[in-house]
Amino acid sequence: MRKGIATVSVSGTLTEKLAAIAAAGFDGVEIFENDLISCPLSPERIRDRAADLGLGIDLYQPLRDFEAVGPARLEHNLRRAERKFRLMERLGAGMLLVCSSVSPESADDDDLAAEQLHALAELAGRHGIRVAYEALAWGRHVNEYLHAWRIVQLAGHPNLGTCLDSFHILSRGSDPIGIEAIPGDKVFFLQLADAPPLAMDVLQWSRHYRCFPGQGGFDVTGLVRHVLNTGYQGPLSLEVFNDVFRQSDACRTALDAMRSLIALEESLDRRAPGPVIPTGFAFIELTTELTTELTKGLTTEIATEIKKGPATGPATGPSAGDTLPPAPGEAAALVGLLAAFGFTRTGAHPTKPVEMWEQGEARVLLNATGTGTALAAIGLETPDPAASARRAEHLLAPVLPRERAPGEAPLEAIAAPDGTQIFFCRSGRADHPDWTGDFTGDPAMALRPSPGTVIPATPTPPPPGITRVDHVALTQPWHHFDEASLFYRSVLGLRPLESMEVPEPSGLLRSRAMAGPDEAVRMVLNQARVGARHTPWQHVALSCDDIRGIARRLHAEHPGLLLPIPDNYYDDLEARHDVGPEIRELGLLYDRDEYGEFLHLYTITVGRVFFEIVERAGGYRGYGAANAAVRLAVQHARGPGTP
Ligand SMILES: O=C(O)c1ccc(O)c(O)c1
Ligand SMILES: [Mg+2]
């Protein structure tokens with residue numbers, strides 16, 4: 001189907017908007033009047049510019065407060081319209097959008113409105129132009145789409161039809177089934193927008209919070225189905241008034257918009273294959289830096305742990321008793337954390353400074369090519385890595401080039417909106433080359449890119465406790481939050497779950513959990529504050545079956561690794577829930593929902609990354625959001641990235 005977008009949906013001047021919209025692959029635009037008025041180019045130059053970019057001007061909008069007025073006002077309005085029709089001829093735009101009047105001057109009189117719209121359509125016809133009448137949700141007398149349609153019927157002019165706008169219909173809770181009563185050739189235009197569920201004045205909601213389909217809470221697909229059932233042949237055109245998009249990069253917003261329409265089109269086709277659903281986490285890759293300052297990012301406990309090297313018994317790392325030079329800062333801190341959790345270093349890349357650490361089904365790759373510690377990549381298990389990558393590419397995700405040495409397993413990777421690399425893996429299956437087989441190097445040698453930089457031996461692994469990766473939480477730049485949520489929804493088939501705002505000392509943190517159909521892949525997207533100075537933090541949550549055991553061990557052996565939880569939290573928890581003293585003693589956090597219970601703990605932060613350990617009991621579905629505010633306050637007090 002033809003794809004369009006209103007110029008109001010992206011930032012910039014008109015010419016910048018047109019360039020961004022064309023670059024994203026749209027076929028047409030709705031030119032919003034304000035964009036044209038403030039453009040120094042003549043209408044002819046704008047027409048040529050759009051044509052050169054391969055864009056049609058599908059609609060000029062809007063003509064306001066036209067209908068159901070007294071004779072003097074009508075005469076003025078028709079004169080105004082005549083000027084617009086001449087402009088539209090110069091612009092090469094064949095359709096004018098008239099939105100229902102909001103003026104106190106307009107009468108509650110359908111016959112009068114119809115008669116005057118008939119006159120307008122007659123005038124339009126002389127210029128070869130058609131008029132689409134749209135019910136604004138806050139129109140003075142006409143605010144329901146079927147009301148606008150009744151007036152169009154009453155007017156009975158071939159150059160007059162209706163414009164349907166998903167926002168106006170769905171924001172009022174109108175049933176879109178009624179659309180099917182309108183003949184397709186009288187639906188002159190279809191504007192699409194989604195919106196988050198907000199209880200607020202509909203005009204404010206529309207002008208500030210609209211978003212692209214798939215980013216909000218409306219069933220836009222269902223509405224479009226009804227429109228297509230009428231036989232509508234016109235474009236799917238996005239009309240999104242959004243405060244954030246207005247100030248974001250236009251090219252990026254236009255691509256996000258196009259992704260939304262591609263996903264929408266796919267959702268219309270019940271036979272479309274849909275996302276290749278990931279079945280779990282294959283790995284989490286943390287980049288870190290090798291610095292020679294031992295103290296940077298280190299707690300005394302870890303430093304001591306690391307300097308000690310392996311204790312007794314066989315270690316998977318270098319031989320016991322190694323007299324290695326001091327370990328580098330953040331890399332060492334990560335090694336200390338993983339070792340304390342019971343991970344073992346199981347392999348190393350033969351040519352790159354990358355180590356693999358494993359426990360249960362959880363794999364963490366430590367990549368020492370970073371500048372500061374960050375979560376760089378997420379490996380996802382998928383039944384068909386190539387199909388996953390193809391689908392991501394179809395949804396406009398950048399496919400990452402990968403340097404592959406001869407003999408290495410192919411790995412398909414794409415970039416998520418925040419730059420996190422997403423790898424599609426099929427690990428340990430006979431029917432697919434296994435990437436884990438590439439980690440053939442000596443585990444002891446991995447993080448030694450140059451002589452003198454050394455990562456110490458793995459301490460003796462404690463009893464296994466971690467079973468798998470439970471979820472990954474990624475903080476998104478504030479203006480890419482909706483884009484990211486649509487990306488994960490459309491590309492990976494994750495559906496948005498609870499969405500909330502968590503108070504933290506320096507603002508409100510918007511947070512949205514997303515999960516695949518069987519919860520095999522869970523993610524949490526957090527929105528960084530506006531103007532946040534720091535690179536966003538991320539965290540990896542690991543599941544276990546005995547968090548009490550792990551907490552006891554960490555308290556005994558590495559107390560400095562745990563994020564301390566204030567006593568006030570426990571006083572409140574004990575007042576709310578019937579929990580024993582053990583939760584307080586072990587420094588755990590607790591939550592419950594209708595399905596079960598949740599115990600969790602957090603570690604200190606290394607660079608921009610921290611870990612969470614979680615134990616879900618009885619089918620608990622949440623993420624401990626009730627405790628997030630406490631964690632954020634403690635982290636805030638400790639400062640960013642300081643363990
Ligand atoms: O908010 C408005 O004024 C406005 C204008 C034109 C539209 O098509 C619309 O849906 C809203
Ligand atoms: Mg509209």
Side-chain angles (χ1 to χ4, degrees), residues 3-10 14 17 28-38 57-67 77 80-81 84 88 93-104 106 117 120 130-149 151-152 160-174 176 179 182 187-195 198 200-213 216 218 220 223-224 227 232 234-246 257 260-261 264:
K3 297 185 182 69
I5 185 167
T7 53
V8 74
S9 315
V10 300
L14 182 58
K17 288 171 188 234
V29 282
E30 304 175 32
I31 293 192
F32 197 63
E33 183 153 80
N34 291 8
D35 283 323
L36 180 117
I37 291 171
S38 51
I57 300 176
D58 292 342
L59 188 89
Y60 184 73
Q61 67 138 332
L63 186 72
R64 296 182 189 274
D65 296 332
F66 175 82
E67 77 282 19
N77 285 353
R80 181 158 62 100
K84 298 297 168 194
M88 288 171 65
M95 195 171 318
L96 174 69
L97 180 121
V98 174
C99 44
S100 61
S101 179
V102 299
S103 165
S106 68
L117 285 168
L120 179 69
R130 298 194 300 159
V131 174
Y133 182 53
E134 172 190 36
L136 293 181
W138 55 91
R140 181 122 186 138
H141 304 294
V142 178
N143 40 44
E144 289 277 355
Y145 75 98
L146 286 175
H147 191 179
W149 163 232
I151 292 174
V152 168
L160 182 69
T162 191
C163 166
L164 298 173
D165 178 321
S166 63
F167 179 87
H168 296 303
I169 298 170
L170 299 174
S171 64
R172 292 182 60 93
S174 307
I179 291 171
I182 310 174
V187 180
F188 276 9
F189 208 74
L190 174 60
Q191 295 177 317
L192 298 177
D194 200 344
L198 295 170
M200 69 188 300
D201 172 68
V202 74
L203 185 147
Q204 300 299 334
W205 193 13
S206 176
R207 293 255 172 96
H208 301 281
Y209 297 98
R210 287 189 184 208
C211 53
F212 297 123
F218 291 156
V220 182
L223 181 139
V224 175
V227 179
Y232 173 75
L236 300 180
S237 189
L238 298 164
E239 189 201 33
V240 169
F241 304 80
N242 180 298
D243 292 358
V244 176
F245 299 162
R246 275 182 198 274
S260 148
L261 277 188
L264 174 78

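Keep in mind the model is a prediction, meaning the values are calculated, not measured. Atoms within each ligand, like the ligands themselves, are counted from 1 in listed order.
Residue contacts with ligand 1 include Arg64, since one or more of its heavy atoms lies under 4.0 Å from the ligand. In this structure, Glu33 has no heavy atom closer than 4.0 Å to ligand 1.
Angle OD2(Asp165) to the Mg ion (ligand 2) to OE1(Gln191), rounded to 10°: 100°.
Minimum heavy-atom separation, Val8 to Glu239: CG1-CG, 4.4 Å. Here the closest non-hydrogen pair linking Asp65 and Ser103 is OD1-N, 3.3 Å.
Looking from atom 6 (C) of ligand 1 to the surrounding protein, the closest heavy atom is Gln61 OE1, 3.2 Å. Looking only at heavy atoms of the protein, atom 4 (C) of ligand 1 is closest to Phe241 CZ, 3.7 Å. Atom 10 (O) of ligand 1 has His168 NE2, 2.6 Å as its closest protein atom, hydrogens excluded (heavy atom only). For atom 1 (O) of ligand 1, the closest non-hydrogen atom on the protein side is Arg207 NE, 2.6 Å.
Taking every heavy atom of Gln191 and a limit of under 4.0 angstrom, the matching atoms of ligand 1 come to 8 (O). Interface atoms of ligand 1 facing Leu97, defined by a heavy-atom separation under 4.0 Å, are 8 (O).
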- Message: Determine whether His168 and Trp138 satisfy the following criterion, side-chain contact (heavy atoms from CB on, under 4.5 Å), listing intermediate values before the conclusion.
- Response: CA-CA 8 Å; His168 296 303; Trp138 55 91; 3.5 Å; yes
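For Phe241, the CZ atom counts as densely surrounded, since its 6.0 Å shell holds more than 12 non-hydrogen atoms of other residues, nucleotides or ligands.
Take the N/O/S atoms of Glu239: the one nearest the Mg ion (ligand 2) is OE1. Its N, O or S atom nearest to the Mg ion (ligand 2) is what matters here, and for Glu134 that atom is OE2.
Distances between N or O atoms of Trp138 and those of ligand 1 include no value under 3.5 Å. Close N/O approach between Glu239 and ligand 1 is found [any backbone or side-chain N/O within under 3.5 Å].
The aromatic rings of Phe212 and Phe245 sit parallel to each other, their planes meeting at less than 30°, with 60° as the upper class boundary.
A donor-acceptor pair under 3.5 Å links the side-chain atoms of Asp194 to the main chain of Phe218, judged by distance alone. Using a distance-only test at 3.5 Å, with no hydrogens or angles considered, a donor-acceptor pair links the side chain of Ser9 to the main chain of Val240. Side-chain atoms of Asp35 never come within 3.5 Å of backbone atoms of Leu14 as a donor-acceptor pair (strictly under, hydrogens ignored). Panel note: side chain Arg140, backbone Ser106; no donor-acceptor pair is recorded below 3.5 Å.
The residue Leu203 has no part lying near ligand 1, judged by heavy-atom distances below 4.0 Å.
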